[in-house]
Amino acid sequence: MKKYLLTISTILIASSLILGGCGKETRQTIDESNDDSHTATAGEMHHSESGELPEGLREKSNPTFPIGSQAMMSADHMSGMKGAKAKIVGAYETTVYAVTYTPTTGGDPVQNHKWVIHEEIQDHTDQSYAVGSEVLLSADHMKGMKGAKATIESAEQTTVYMVDYTPTTGGDSIKNHKWVTEEELSAIQ
């Protein structure tokens with residue numbers, strides 16, 4: 001009888017540990033049909049609610065979507081993002097990059113990750129980087145991103161926004177998501 005109870009207890013503990021690991025993680029989506037999408041195969045977004053900003057980032061004066069306003073997102077970097085209402089938390093003027101990098105934790109390269117801003121590149125220069133430039137990332141949006149070597153796939157001077165939103169797929173609200181470009185937002189009708 002004791003052996004039977006011990007086996008059941010072991011199974012219950014193992015099950016709770018496995019299920020406990022399925023908690024509050026938000027995973028990137030894979031969209032192979034859209035070359036411009038965020039195609040992380042094994043990465044996880046880190047949603048720091050601190051709103052910590054990289055040094056030197058400039059606030060945008062008079063942004064299209066003011067802080068505190070709401071906008072509709074067309075970005076599909078993550079599952080549940082497209083079509084979600086976003087509350088604008090911050091608006092900044094910078095160069096935004098799509099990058100391809102191999103995580104420092106190993107695994108396949110992450111293709112066309114959107115977005116890393118100029119101030120999230122280690123030892124960044126005053127000038128924007130050209131497509132094809134190789135850089136080191138200081139961004140920490142995904143596991144294995146910080147310190148990874150990356151290739152710039154696209155570069156655009158624009159306004160980027162930090163937003164709060166609740167995924168259309170349900171689940172907990174996301175705070176201080178970095179980054180959504182102005183082109184990925186539209187006025188709520």
Practice task
Kindly assign one of parallel, tilted or perpendicular to the pair Tyr165 and His177, based on the angle between their ring planes and the thresholds 30° and 60°.
Solution key: perpendicular
Problem - Distance-minimising heavy-atom pair for Ile117 and Pro54 - result: CD1-CG, 3.9 Å
Problem - Any Val135 side-chain heavy atom under 4.5 Å of Val116 side chain - result: no
Exercise for the section: Check each of Lys114, Glu120, Lys178 against His141 using the side chain to side chain donor-acceptor pair (under 3.5 Å) test, and report the only one that passes. Expected result: Glu120
Exercise for the section: Hey, could you give me each pair passing side chain to side chain donor-acceptor pair (under 3.5 Å) that has a residue in residues 83-97? Not counting sequence neighbours. Expected result: Thr94-Glu119, Thr95-Ser128, Thr95-Gln157, Tyr97-His118
Handout entry: For the student: nearest non-hydrogen atoms of Trp115 and Ser154, plus distance
Key = CZ3-OG, 4.2 Å
Handout entry: Beyond-backbone contact of Asn176 with Asp164, side-chain heavy atoms, under 4.5 angstrom
Key = yes
Completion exercise
Interatomic distance, CE@Met145 vs OH@Tyr101, rounded to 0.5 Å, equals 3.5 Å
Practice task
State whether the side chain of Gln122 and the backbone N or O of Leu137 hold a donor-acceptor pair below 3.5 Å, judged by distance alone.
Solution key: yes
Problem - Ile88 and Val163, any side-chain heavy atoms less than 4.5 Å apart - result: yes
Side chains of residues 64-72: which donor-acceptor partners sit under 3.5 Å, not counting sequence neighbours?
from	atom 1	to	atom 2	distance (Å)
Thr64	OG1	Glu182	OE1	3.3
Thr64	OG1	Glu182	OE2	3.0
Ser69	OG	Pro66	O	2.6

Practice task
Please name the pair of heavy atoms, one in Pro103 and one in Val110, separated by the smallest distance, quoted to 0.1 Å.
Solution key: CG-CG2, 4.0 Å
Problem - Trace of the side-chain contact (heavy atoms from CB on, under 4.5 Å) decision for Met81 with Asp76 - result: CA-CA 6 Å; Met81 181 178 264; Asp76 63 353; 5.8 Å; no
